[in-house]
Each structure stands twice: as structure tokens, then as C-alpha cells.
**Student:** 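One structure follows; several queries about it will come next.
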Amino acid sequence: VAGVDPFDHRVTTDNKKSDAASYCFLKFSPWGGGNCFVSEYINRPATPELFYEDMIMQMVYFSGELLVENNKPGLINYFRQRGYLGYLMKRPEETMTKYSTKQQEVGIPMSGEAARDALVNGLVSYVYESIGYNPERDAYGNCPFEKLLEDWLNFDVLKWTDYDPTVASGLAIMASKKPKYKSQDVTVIKDFHVKFNNSGGMSRRI
């Protein structure tokens, strides 16, 4: 799965243009490992369309779903027009409120308190359990992206626009916890063998 914080034409508090950020997260690997970030995208292409194309190539390459902040619908509309809407994830159930249960659009608006709390709490839990040394497992977590580690260290929950990598990685963590609901097929067992009652002088079909 992956998370993305799309860029628009906004300017951060230090008068710098905001970059687009995206991280892909490996939930499980049959060869070992998993539960780690495997790719980092921090860039600001010349046009939004070039960025959208980068995201299409990223998701086709990794064959995963992308959870996008849908307050800025440009990326969603581009995926829809290009026929790649199936790569975009719907809003995770854990972030739903009584006001958002009827949301039809893919992605998640990060302006709501429930969504922000879910992102921060999920990211804090992941860092605590999977980054650095874990004495309970006597093992170290894996995060090869220094920019992301620095962004986590400096993250200010009151100034989201300054921390694109943190938001994108938090969306990826949120996406990784989306439950997979499987339809339960009901199997009806029928007896295909004809039974007879052989008591008495004549056999009778039951």
C-alpha cells in the first residue's frame, strides 16, 4: 500500500513551496521482513500532471492501493480520467464518523479531527513498535529514509503543511491497517444418495 500528500500551489510557513510526498509500505513479505517502508518520493515536478503520472507509475510498479488526501481532488480526477481509479483506496473504516459513513469518493479528507487522530496515533504506534531497538524482540526496526526520520523528529501536530513526508507516511500506515473483508460463501450440503427402508417384506424409499 502507499500514502500520498499531493502538492498544490500552497506555500509553507517559511515561504517555501510544498513538495509532493509519497511512501510505499510493505505489509508482508513471504521472504521475511515486511512491515516497513520500501520507497520514498519527495519531489515537485513542473506541472501537477507530471506528478500524477509519477503516482500512476509508482502504483502500477508496486501493484498496490494508494490512500490519498482528497481535499485536493486533482490526483483523483486524473486517475479517473486515465482509467486507474482502481488503484486508489477508499476511506479506512477506523476513520469513519456518523457524518462520513456515506462518503462515496475515494481517499480521505484530512481536515477532520477523527482522520487526523487516526493518522497520528497509527504513526506513533508504528514508530514506537517498529523503529529503533526493540528490547522485547531484541531486534532493530528498519527505515532507510533519513528525510522521513528527520521529518518525524521535527513533526509539529499543529503545523501539518510543513511536514509532507510525515503526512504521506502516516497515510501509508493508515492504509496498511485497512481490513480485508472476504465474502463468506454458504455451502449447502445435499445428500445425493437415495435411501430405502428395508424393514418388512418390501423395500420403501425414504
Side-chain angles (χ1 to χ4, degrees), residues 1-13 18-28 34-37 40-42 51-52 55 58-59 62 64-80 84-131 141 143 145 148-149 151-183:
V1 296
V4 59
D5 183 17
F7 83 86
D8 55 14
H9 297 289
R10 58 189 163 92
V11 176
T12 60
T13 54
S18 177
D19 290 325
S22 182
Y23 288 89
C24 288
F25 185 84
L26 180 63
K27 294 190 289 185
F28 170 77
N35 193 40
C36 63
F37 292 98
E40 176 182 65
Y41 178 98
I42 301 176
F51 161 63
Y52 303 153
M55 291 298 99
Q58 171 183 270
M59 300 322 300
F62 283 104
E65 286 186 294
L66 176 66
L67 183 59
V68 58
E69 183 182 353
N70 65 13
N71 301 71
K72 299 177 282 293
L75 184 145
I76 296 174
N77 292 336
Y78 192 85
F79 268 62
R80 180 180 286 113
Y84 291 91
L85 189 62
Y87 283 94
L88 299 184
M89 182 181 289
K90 293 184 178 179
R91 179 171 181 159
E93 292 289 334
E94 67 177 20
T95 68
M96 290 290 192
T97 67
K98 63 179 181 180
Y99 302 107
S100 61
T101 52
K102 295 183 179 180
Q103 177 181 324
Q104 299 298 321
E105 185 61 282
V106 295
I108 179 172
M110 294 310 298
S111 55
E113 185 175 344
R116 290 190 171 221
D117 286 346
L119 185 147
V120 172
N121 292 337
L123 195 52
V124 167
S125 296
Y126 174 76
V127 171
Y128 180 79
E129 296 172 0
S130 304
I131 302 299
C143 182
F145 305 112
L148 181 57
L149 293 171
D151 211 65
W152 284 344
L153 284 172
N154 298 321
F155 178 62
D156 184 348
V157 73
L158 300 178
K159 297 179 180 179
W160 284 57
T161 56
D162 295 349
Y163 302 96
D164 304 299
T166 296
V167 174
S169 62
L171 287 169
I173 293 295
M174 191 185 296
S176 73
K177 298 182 182 302
K178 179 185 177 183
K180 296 291 185 181
Y181 297 103
K182 295 183 179 179
S183 59

**Student:** Check side chain to side chain donor-acceptor pair (under 3.5 Å) between Y78 and all other residues, then give those that pass, not counting sequence neighbours.
**Tutor:** E53
**Student:** Write down the atom of C143, the atom of I131, and the distance for their closest heavy-atom approach.
**Tutor:** CB-CD1, 3.7 Å
**Student:** For Y41, give me all partners under side chain to side chain donor-acceptor pair (under 3.5 Å), at least two apart in sequence or on another chain.
**Tutor:**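 Y41 satisfies side chain to side chain donor-acceptor pair (under 3.5 Å) with D54 only.
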**Student:** For the residue pair V1 and I173, establish whether any side-chain heavy-atom pair is separated by less than 4.5 Å.
**Tutor:**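 The answer is no; the side chains never approach within 4.5 Å.
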**Student:** To the nearest 0.5 Å, what is the distance between CD1 (I108) and CG (L171)?
**Tutor:** 7.0 Å
**Student:** For the residue pair G3 and A172, what are the closest heavy atoms and their distance?
**Tutor:** N-CB, 3.5 Å
**Student:** How long is the gap from CZ on F37 to CZ on F25, to the nearest 0.5 Å?
**Tutor:** 5.5 Å
**Student:** Working to the nearest 0.5 Å, report the span between OH of Y87 and CE of M55.
**Tutor:**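 One finds 14.0 Å between OH of Y87 and CE of M55.
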**Student:** May I have the list of side-chain donor-acceptor pairs in residues 110-128 shorter than 3.5 Å, sequence neighbours left out?
**Tutor:**
unit_1	atom_1	unit_2	atom_2	d
R116	NE	M110	O	2.6
N121	ND2	D117	O	3.0
S125	OG	N121	O	3.0
Y126	OH	N35	O	3.0

**Student:** What distance do K27 atom NZ and C36 atom SG have between them, rounded to the nearest 0.5 Å?
**Tutor:**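 Reported to 0.5 Å precision, the distance equals 13.5 Å.
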**Student:** Any side-chain to backbone donor/acceptor pair from D151 onto T166? Under 3.5 Å, distance only.
**Tutor:** yes
**Student:** Taking the side chain as every heavy atom from C-beta outward, state whether S22 and D5 have any atom pair closer than 4.5 Å.
**Tutor:**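 Not in contact.
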**Student:** For residues W152 and S169, is any side-chain donor paired with an opposing acceptor at under 3.5 Å?
**Tutor:** yes
**Student:** Please round to the nearest 0.5 Å and tell me the distance separating atom OH of Y163 and atom CG of L153.
**Tutor:**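 Interatomic distance, Y163 OH to L153 CG, rounded to 0.5 Å: 10.5 Å.
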**Student:** Is E69 close to P109 at the side-chain level, that is, under 4.5 Å between some pair of heavy atoms?
**Tutor:**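 Contact flag for P109/E69 side chains = no.
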**Student:** Could you tell me whether a side-chain N or O of S130 sits under 3.5 Å from a main-chain N or O of G141, the two making a donor and an acceptor?
**Tutor:**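 Absent.
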**Student:** What pairs with L85 under side-chain contact (heavy atoms from CB on, under 4.5 Å), at least two apart in sequence or on another chain?
**Tutor:** I76, R80, L88, V106
**Student:** Which distance, rounded to the nearest 0.5 Å, do you find between the CE of M59 and the CD of E65?
**Tutor:** 8.0 Å
**Student:** Taking all atoms of both residues into account, what is the closest heavy-atom pair of A2 and A175, and its distance?
**Tutor:**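 Nearest heavy atoms, A2 then A175: O-CB, 4.2 Å.
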**Student:** Measuring only between side-chain heavy atoms, which start at C-beta, is L66 closer than 4.5 Å to M89?
**Tutor:** no
**Student:** Quick check: do Y52 and P6 have side-chain heavy atoms less than 4.5 Å from each other?
**Tutor:**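 SC-SC contact between Y52 and P6 ruled out.
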